[in-house]
Amino acid sequence: MDKPFSVKDSVNLPRTDFKMQANLVQNEPKMLRFWESIGLYEKILRKNEGRPAYILHDGPPYANGNIHLGTALNKVLKDFVVKYKSMKGFFSPYIPGWDCHGLPIEKRMETELGFGSKQMDILEFRQHCRRYAEKYVGIQREQFKRLGVFGDWADPYLTMSYSYESTIARVFGDFVRMGNVYRGAKPVFWCISCQTALAEAEVEYSDHESPSVYVKFPAKSDFGRAIPEVVGKPVSVVIWTTTPWTLPANLAIALHPDYDYAAVEVDGEILIVAEGLLASFLRDCGLGQGAVLARVKGAVLEGQVCRHPFIDRDSVLVLADYVTLEQGTGCVHTAPGHGQEDYVTGQRYGLPVLCPVDNEGRFTDEVPNWNGMVVFEANEPIVEHMRRTGSLIQAAAISHSYPHCWRCHKPIVFRSTKQWFIALDQSNLRARALEEIKRTKWYPEWGEIRITNMVANRPDWCISRQRSWGVPITVFYCRQCGQVLMDAAVVEHVAGIFEREGADAWYRHSSAELLPPGTACPNCRHAEFDKEFDILDVWFDSGVSYEATSRNRPELPWPSDMYLEGGDQYRGWFHSSLLASLGCRNTAPYREVLTHGWVLDKDGLAMSKSRGNVIEPEAVISQSGAEILRLWVGSVEYREDVRISDEILSRLREAYRKIRNTLRFLLGNLAGFDPTRDACDYASLHEIDRWALARLHQLLERCGQAYDRYDFHIIYHSVYQFCTVDLSAVYFDVLKDRLYTSAAASPERRSAQTALWTILHHLVRLLAPLIPFTTEEVWQHLRPVTDLPESVHLADFPTPQAVWLDAGLLAKWDRVLAIRELVSKALETARQENRIGNSLEARITVFASPGDFAFLESMADDLRYIFIVSAVVLAEKPGVGDGQPEVAVDKAAGAKCERCWNYSAQVGAFTDFPTVCERCAPVVRTLAGKV
RNA sequence: GGGCCUAUAGCUCAGUUGGUUAGAGCGCACCCCUGAUAAGGGUGAGGUCGAUAGUUCGACUCUAUCUAGGCCCA
């Protein structure tokens with residue numbers, strides 16, 4: 001039985017199953033399963049197969065712990081790029097990777113297994129490390145997928161995979177072939193109790209009591225040439241140190257070039273100290289007043305030579321700007337074998353890296369007096385010796401922060417050791433790197449300056465680590481003569497073994513099994529060798545990632561198009577990748593490098609556990625959904641540091657709701673609209689519908705450019721503004737009358753729907769890279785209507801039609817909307833005066849200048865709909881001039897139409913439908929079947 | 001201490017080659033609507049552009065210093 005006809009129910013209200021409530025937290029996982037079930041990633045690739053490629057090569061996060069907001073930001077940005085390029089038709093596979101070797105995992109395993117792991121078989125230990133890394137690869141993989149990032153998650157690259165490990169060895173072999181690998185000395189932290197090198201991260205600082213001594217280094221060269229006032233007098237330079245045991249390795253004294261140094265006469269002897277520390281020096285040493293004979297800049301003394309206080313050796317005066325006036329004498333005892341800064345300074349001045357201390361911390365026979373003595377125990381006798389021989393000025397004790405071993409908690413030493421290096425200035429490596437940097441596009445542009453400075457100034461790359469979890473440096477030592485066997489062909493042979501068995505082979509097999517048959521020492525022809533046990537720096541591992549990834553994937557061209565990481569990677573991955581790829585390919589591995597900033601808290605402070613201001617991506621996802629996190633990434637200027645806070649997230653949730661509601665309104669008003677059947681020609685569209693398409697054109701244009709420049713926040717802000725202002729506040733508000741009250745299939749309603757459908761179909765694709773879940777949800781609501789690809793992510797990136805961009809129309813509507821604003825103000829005033837409520841209760845009179853009058857007259861019939869009032873009267877403004885139109889507001893005449901809510905004097909005039917107006921009467925008559 | 005970077009309304013962002021009263025959206029306040037309804041609409045109040053000193057007829061836009069913050073080194 002049909003229901004009786006109801007005027008009220010005869011309006012075409014929006015109708016859709018698309019929920020206002022997104023329920024992202026529950027629905028996103030379902031969407032992920034849907035994508036998985038249709039094999040979406042593969043389908044996207046297949047769609048673009050054979051077309052130009054765009055390769056964004058993933059930088060591998062470390063396989064340890066959960067992802068944080070920085071890694072989330074990074075992966076989402078990459079996903080924006082890849083999804084956009086895919087929609088643009090590029091073949092754009094995304095192969096995620098993980099960095100699996102290295103110290104953090106080793107340390108973690110040592111803690112978990114107990115320090116007994118030192119005694120554990122290395123293969124077993126490495127097995128534990130591998131399992132640990134696998135576990136976190138699995139965890140992070142799920143977290144990244146949860147963010148809606150598309151990629152080859154089933155087959156990522158892992159730096160610990162056998163083939164990857166073999167590539168690492170091969171690239172090392174390339175450097176060997178180039179002649180850039182050498183073995184040299186470098187000081188490292190060394191625990192004399194554990195007899196092992198320690199990494200920075202394994203050093204703990206705690207208070208320790210040390211001697212504090214002032215020592216005289218008598219002048220050997222003629223200081224009188226630099227300081228005429230001291231001619232003929234005995235001169236000494238005074239140093240201060242808390243490690244007397246390093247004095248036997250002293251080779252130099254460092255001064256600051258810009259500081260003033262005083263020549264002080266004390267008891268007939270001239271002492272040189274920094275003037276800024278003179279007072280504290282004299283006081284500490286109880287030397288009384290002392291007369292300052294002269295003062296000179298440190299720079300003036302460069303190259304002067306002193307004699308070592310108790311060894312028959314020179315100590316040269318050098319310059320270094322790390323010298324401070326905080327403590328001591330401003331004349332810094334320099335032992336290149338026992339300190340990082342000393343080492344660097346020594347390199348600059350060509351000093352040897354002297355280190356007369358062995359693994360156990362005992363002096364070697366290079367220190368005859370205390371040969372065999374543990375260095376810490378040698379402090380006393382050395383001080384005593386200097387006291388006897390007159391070079392000691394003062395000795396006391398001092399409590400200060402000193403490095404200790406994290407394992408045994410004993411004080412450690414800084415000691416030079418044999419390490420492996422890649423020479424930067426061999427084979428033009430540095431120069432070629434600088435060339436390639438120039439050839440690469442850096443975003444932002446200052447990135448080029450930053451990495452150029454680093455490459456130009458960096459020392460040789462120390463690639464060796466005294467560690468277990470990594471890829472060994474594949475060189476051998478002749479068991480007979482000790483000669484190093486470093487040969488590219490040998491490395492290649494070993495790499496072949498790694499390919500089959502992984503780098504574990506190094507530890508599983510004897511050197512005879514690893515070497516090509518018949519290998520003999522080039523020096524003595526002996527055939528027995530020992531293996532090197534150092535492993536490669538993990539930056540070497542990740543540096544070869546593109547080589548390792550593209551090696552087995554012929555679809556990946558060289559070089560890749562883009563590397564996209566945080567700004568810390570100028571020092572890290574961008575840098576090591578550049579050097580590594582110069583070693584194996586002689587070009588940079590990337591064409592473009594894009595960097596993002598750091599994620600900070602609401603006050604712009606770095607997040608840390610100690611500050612307690614950390615926000616976890618997991619928390620954002622479980623409270624708001626991944627889409628909100630993605631929207632955050634899309635909303636901020638990520639090339640600078642970005643902030644996140646509860647307030648920011650709550651704003652984003654609101655913005656998301658607005659965008660979602662806009663999409664929902666579009667869907668709701670398209671119920672029953674089939675574009676292939678119902679769409680109107682552009683030329684027949686209502687003017688405001690054409691205006692909406694013109695605005696859409698501008699939006700698409702602007703956003704397309706923004707995508708090409710990776711300006712994602714421009715897209716977010718433009719779309720948001722388009723939704724709130726152009727659509728919600730203007731277009732939709734005006735359109736509701738036409739959509740709701742015209743007959744469902746009337747030309748005027750079809751005109752509106754044509755525009756709505758076009759807007760939705762374009763908007764949803766425009767946003768797909770940024771909010772893939774929501775756009776897909778909309779897409780699936782759209783699909784039954786017409787013939788669309790299975791997923792929005794299989795659709796093409798939207799391009800506007802040229803005809804939409806009607807400049808004249810846009811200019812005209814700028815003017816209309818400006819007048820509309822005046823009308824709104826007048827209506828608001830009337831509302832405040834309680835003269836109207838809803839704007840349809842009003843009839844307005846616009847008093848306009850002749851120009852405006854003519855303009856408004858030309859569209860007189862449309863104005864009441866544009867202004868959303870029941871009647872518009874136009875009047876010429878009294879007086880001349882072209883000032884702003886003035887608007888008067890009256891109560892509209894007649895009664896409110898029950899159906900369209902406009903006021904009309906004719907309501908009541910139609911006997912069959914007495915409650916409706918002249919516009920609605922014919923419509924309801926048709927609907928009620930009364931015509 | 002060094003290299004590079006940042007600092008515009010409560011929030012997120014725009015501000016072309018220095019030039020009239022510094023823009024937007026959101027939020028906020030007040031109001032309207034109840035046929036996008038855990039929606040929608042309107043009006044309005046908020047910055048002197050981190051600070052200081054310069055250059056200039058004129059600076060948010062140029063220079064210097066400082067302050068706060070970030071990454072990477074030392």
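Order of the sequence lines fixes the chain letters, A, B, ..., with proteins taken first and strands second; residue numbering starts at 1 for each chain.
Along RNA chain B, the nucleotide nearest to A:K896 and the one nearest to A:W446 differ in position, and the one closer to the 5' end is contacted by A:W446. Residue whose closest nucleotide on RNA chain B sits further toward the 5' end, between A:I714 and A:L13: A:I714.
Taking every side-chain heavy atom of A:R651 into account, B:C26 is the closest of B:C26, B:G42, B:G41. For A:H713, counting side-chain heavy atoms from C-beta on, the closest listed nucleotide (B:A14, B:U34, B:G10) is B:A14. The side chain of A:V11 has B:G35 as its nearest neighbour among B:G25, B:G35, B:G70. When distances run from any side-chain atom of A:K825 to the nucleotides B:G44, B:U37, B:C31, the shortest one goes to B:G44. When the nucleotides B:C33, B:A38, B:G69 are ranked by their closest atom to the side chain of A:Q21, B:A38 comes out on top. The side chain of A:L600 lies closest to B:G69 when the candidates are B:G69, B:A74, B:A14. When distances are taken from the side chain of A:E640 to each of B:A39, B:U12, B:U6, the shortest belongs to B:U6. Out of B:A14, B:G41, B:A39, the shortest distance to the side chain of A:A729 is found at B:G41. Closest to the side chain of A:T724, out of B:C72, B:G42, B:G25, is B:G25. The side chain of A:R450 lies closest to B:G3 when the candidates are B:G35, B:G25, B:G3.
B:A9: no Watson-Crick or G-U partner with both key distances under 3.5 Å is found in any strand. When Watson-Crick and G-U wobble pairs are counted only if both distances are under 3.5 Å, B:U21 pairs with no nucleotide at all. Under the Watson-Crick and G-U wobble criteria, each requiring two contacts below 3.5 Å, nucleotide B:U37 is left unpaired. Base pairing of B:A64: its partner is B:U52, meeting the Watson-Crick or G-U wobble criterion (both donor-acceptor distances under 3.5 Å). Using the Watson-Crick or G-U wobble rule with both distances under 3.5 Å, B:G58 pairs with nothing in any strand shown. B:C71 is paired with B:G3 under the criterion used here, namely a Watson-Crick or G-U wobble arrangement in which both key atom distances are under 3.5 Å. Base pairing of B:A29: its partner is B:U43, meeting the Watson-Crick or G-U wobble criterion (both donor-acceptor distances under 3.5 Å).
OP1 or OP2 of B:C71 has at least one side-chain nitrogen or oxygen of A:W598 nearer than 4.0 Å. Remark: A:R664 is in phosphate contact with B:U37, judged by side-chain N or O atoms under 4.0 Å from OP1 or OP2. Contact annotation: A:S839 does not reach the phosphate of B:C32 (side-chain N/O to OP1 or OP2, under 4.0 Å). A:K602 has no side-chain polar atom (N or O) that falls below the 4.0 Å cut-off from OP1 or OP2 of B:G10. Dashed line: the shortest gap from a side-chain N or O of A:H717 to OP1 or OP2 of B:C26 is not under 4.0 Å. In terms of phosphate contacts, A:R831 brings no side-chain nitrogen or oxygen within less than 4.0 Å of OP1 or OP2 of B:U43.
Judged purely by distance below 3.5 Å, without hydrogens or angles, the side chains of A:N669 and A:Y740 never pair a donor atom with an acceptor atom. Side chain to side chain, A:E701 and A:Q705 fail the donor-acceptor criterion of an N or O pair below 3.5 Å. Counting only N and O atoms by type, the side chains of A:K658 and A:S728 include a donor and acceptor under 3.5 Å apart.
With both ends at atom P, the span from B:U65 to B:C5 equals 14 Å, rounded to whole Å. Taking the P atoms as reference points, B:C30 lies 40 Å from B:A59, given to the whole Å. Nucleotides B:G47 and B:A7, compared at atom C1', are 14 Å apart to the nearest Å. As rounded to the nearest Å, B:G41 and B:G50 have P atoms that lie 34 Å from one another. Rounded to whole Å, the separation between the C1' atoms of B:G69 and B:G40 comes to 41 Å. Separation of the P atoms belonging to B:A14 and B:A24 is 16 Å when rounded to the nearest angstrom. The gap from the C1' atom of B:G19 to that of B:G27 amounts to 33 Å, rounded to the nearest Å. Spacing between B:C60 and B:U52 at atom P, rounded to whole Å, works out to 12 Å.
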task = Given side chain to side chain donor-acceptor pair (under 3.5 Å), test A:R653 with A:S624 step by step and report yes or no.
result = CA-CA 7 Å; A:R653 281 192 298 268; A:S624 308; 2.9 Å; yes

ask   = Do A:F732 and A:F665 pass the ring-ring contact (aromatic ring centres under 6.0 Å, His included) test, and can you show the C-alpha distance, the side-chain angles, and the key distance before you say yes or no?
value = CA-CA 9 Å; A:F732 292 173; A:F665 183 84; 4.4 Å; yes

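Evaluation of atom-type donor-acceptor distances gives no pair under 3.5 Å for the side chain of A:T662 against the base of B:A36. You won't find any donor-acceptor pair under 3.5 Å spanning the side chain of A:K736 and the base of B:G40, going by distance alone. Evaluation of atom-type donor-acceptor distances gives no pair under 3.5 Å for the side chain of A:Q721 against the base of B:G25.
Nucleotide B:A36 holds its C1' atom 9 Å from the CZ atom of A:F732, rounded to whole Å. Separating the CD1 atom of A:I437 from the C1' atom of B:C4 is a distance of 14 Å, rounded to the nearest angstrom. As rounded to whole Å, 17 Å separates atom P of B:A39 from atom CG of A:D733. Between the OH atom of A:Y740 and the C1' atom of B:C33 there is a distance of 13 Å, rounded to whole Å. When rounded to the nearest whole Å, the span between OH of A:Y731 and C1' of B:A36 equals 15 Å. Rounded to a whole Å, the CG atom of A:D641 is 16 Å from the C1' atom of B:C13. Distance A:N12 CG to B:G35 P: 15 Å, rounded to the nearest Å. One interatomic measurement links the two molecules: CD1 of A:I644 to P of B:C11, which rounds to 15 Å at whole-angstrom precision.
Tested against A:Y563, the residues A:Y443, A:Y570, A:W573, A:W442 include a single ring-ring contact (aromatic ring centres under 6.0 Å, His included) partner, A:W573.
Residues A:E640 and A:H596 are not in side-chain contact: their nearest non-hydrogen atoms beyond the backbone lie 4.5 Å or more apart.
The glycosidic torsion of B:G46 lies within 90° of 0, which places this base in the syn conformation.
Annotation: A:F414 is in aromatic contact with A:F189 [ring centroid separation under 6.0 Å]. A:Y716 has its ring centre less than 6.0 Å from the ring centre of A:Y720.
If you check every strand for non-hydrogen atoms under 4.0 Å, A:R899 touches a base. Residue contacts for A:I648: at a heavy-atom cut-off of 4.0 Å it reaches the sugar-phosphate backbone alone, with no base atom in range.
A:W461 and A:F540 have tilted rings, their planes meeting at an angle from 30° to 60° on a 0 to 90° scale. Ring orientation note: the planes of A:H713 and A:H717 are nearly perpendicular, at an angle over 60° on the 30°/60° scale.
Within residues 566-575 of chain A, the residues that have a heavy atom under 4.0 Å from RNA chain B are, in order of number, A:G567, A:D568, A:R571.
In this structure, A:R660 is positioned above the aromatic face of A:F18, its NZ or CZ under 6.0 Å from the six-membered ring centre and within 45° of the axis.
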